[in-house]
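Keep in mind that this is a model prediction, so the values were computed, not measured.
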Amino acid sequence: MGKDSVADLLTSIRNTDMNKKGTVRIVSTRISESIVKILLREGFVENVRKHQENNKSFLILTLRHRRHRKPRKGIYETRTVFQTVLKRISRPGLRIYSKNERIPKILDGMGIVILSTSKGIMTNREARLKGIGGEILCYIW
């Protein structure tokens, strides 16, 4: 665990998804709770529950896996097509900001961009509807 809680959250989810494990435990902070709510609403996470242990709060996420489909190999033979991709964009050493007109679309709207705005953490669709920009935290597809 480092000082970048968003990168730690994304890395934990990415590693759990690659190992095809069902649950992951992450440290509960306000920003991680907001991101997890978005992931739950968008369907990347199946269930979230809060757990307290030794005066520390944790979030236990149950990831949604695509067990019913046969994983076929993509262009790259080491990664299957059905794997969830989480990519950190803005980081503590280099912040990336975007106006509402220039918020990127991921896979023509199939993926989501999570932004930190003055109105809270939201997806690219919500930010465009409200007409506000902000710091681009991550891409998920």
Kindly write out the residues that satisfy side-chain hydrogen bond (donor to acceptor under 3.5 Å, both in side chains) with T29, not counting sequence neighbours, or none if the list is empty. S32
For N100 and A127, which heavy atoms make the closest approach, and how far apart are they? CB-O, 4.5 Å
Are the side chains of I136 and P104 in contact, using a 4.5 Å heavy-atom criterion? yes
Does any pair with a residue in residues 83-107 pass salt bridge (charged side-chain N to carboxylate O under 4.0 Å, His left out), and if so which ones, sequence neighbours excluded? D4-R88, R95-E135
Taking all atoms of both residues into account, what is the closest heavy-atom pair of I103 and G133, and its distance? CD1-CA, 4.5 Å
Does the side chain of F44 come within less than 4.5 Å of T84's, by heavy atoms? yes
In short, L115 meets N124 closest at the heavy-atom pair CD1-CA, 3.7 Å
Can you sort out the partners of T62 under side chain to side chain contact (heavy atoms under 4.5 Å, CB included), two or more places apart, ordered by chain and number? T23, E46, N47
Apply the test side-chain contact (heavy atoms from CB on, under 4.5 Å) to residues L137 and I89: give CA-CA distance (whole Å), side-chain angles for both, the deciding distance (0.1 Å), then the verdict. CA-CA 6 Å; L137 296 178; I89 301 301; over 6 Å; no
Run the numbers on D8 and I26 for side-chain contact (heavy atoms from CB on, under 4.5 Å), then give the verdict. CA-CA 8 Å; D8 292 339; I26 57 171; over 6 Å; no
Any salt bridge (charged side-chain N to carboxylate O under 4.0 Å, His left out) involving residues 48-59? Give me the pairs, sequence neighbours left out, ordered by first then second residue. R25-E53, E33-K50
State, yes or no, whether a side-chain contact exists between L9 and V36 at a heavy-atom distance under 4.5 Å. yes
Heavy-atom nearest pair, R64 first then G43, reads CD-O, 3.5 Å
Using a 4.5 Å side-chain heavy-atom cut-off and chaining through intermediate ILVMFWY residues, the residues clustered with M122 come out as I132
Enumerate the residue pairs fulfilling side-chain hydrogen bond (donor to acceptor under 3.5 Å, both in side chains) with a member in residues 35-45, sequence neighbours excluded, ordered by first and then second residue. R41-E126, E42-R125
Is any side-chain heavy atom of Y139 closer than 4.5 Å to a side-chain heavy atom of I114? no
Are any of the side-chain heavy atoms of T117 and I121 separated by less than 4.5 Å? no
Say whether, by atom type as modelled, one donor and one acceptor occur between the side chain of D17 and the main chain of I13 under 3.5 angstrom. no
Is T123 close to V113 at the side-chain level, that is, under 4.5 Å between some pair of heavy atoms? no
Are any of the side-chain heavy atoms of I60 and V24 separated by less than 4.5 Å? no
So does I96 get a backbone contact from the side chain of S90, meaning a donor-acceptor N/O pair under 3.5 Å? yes
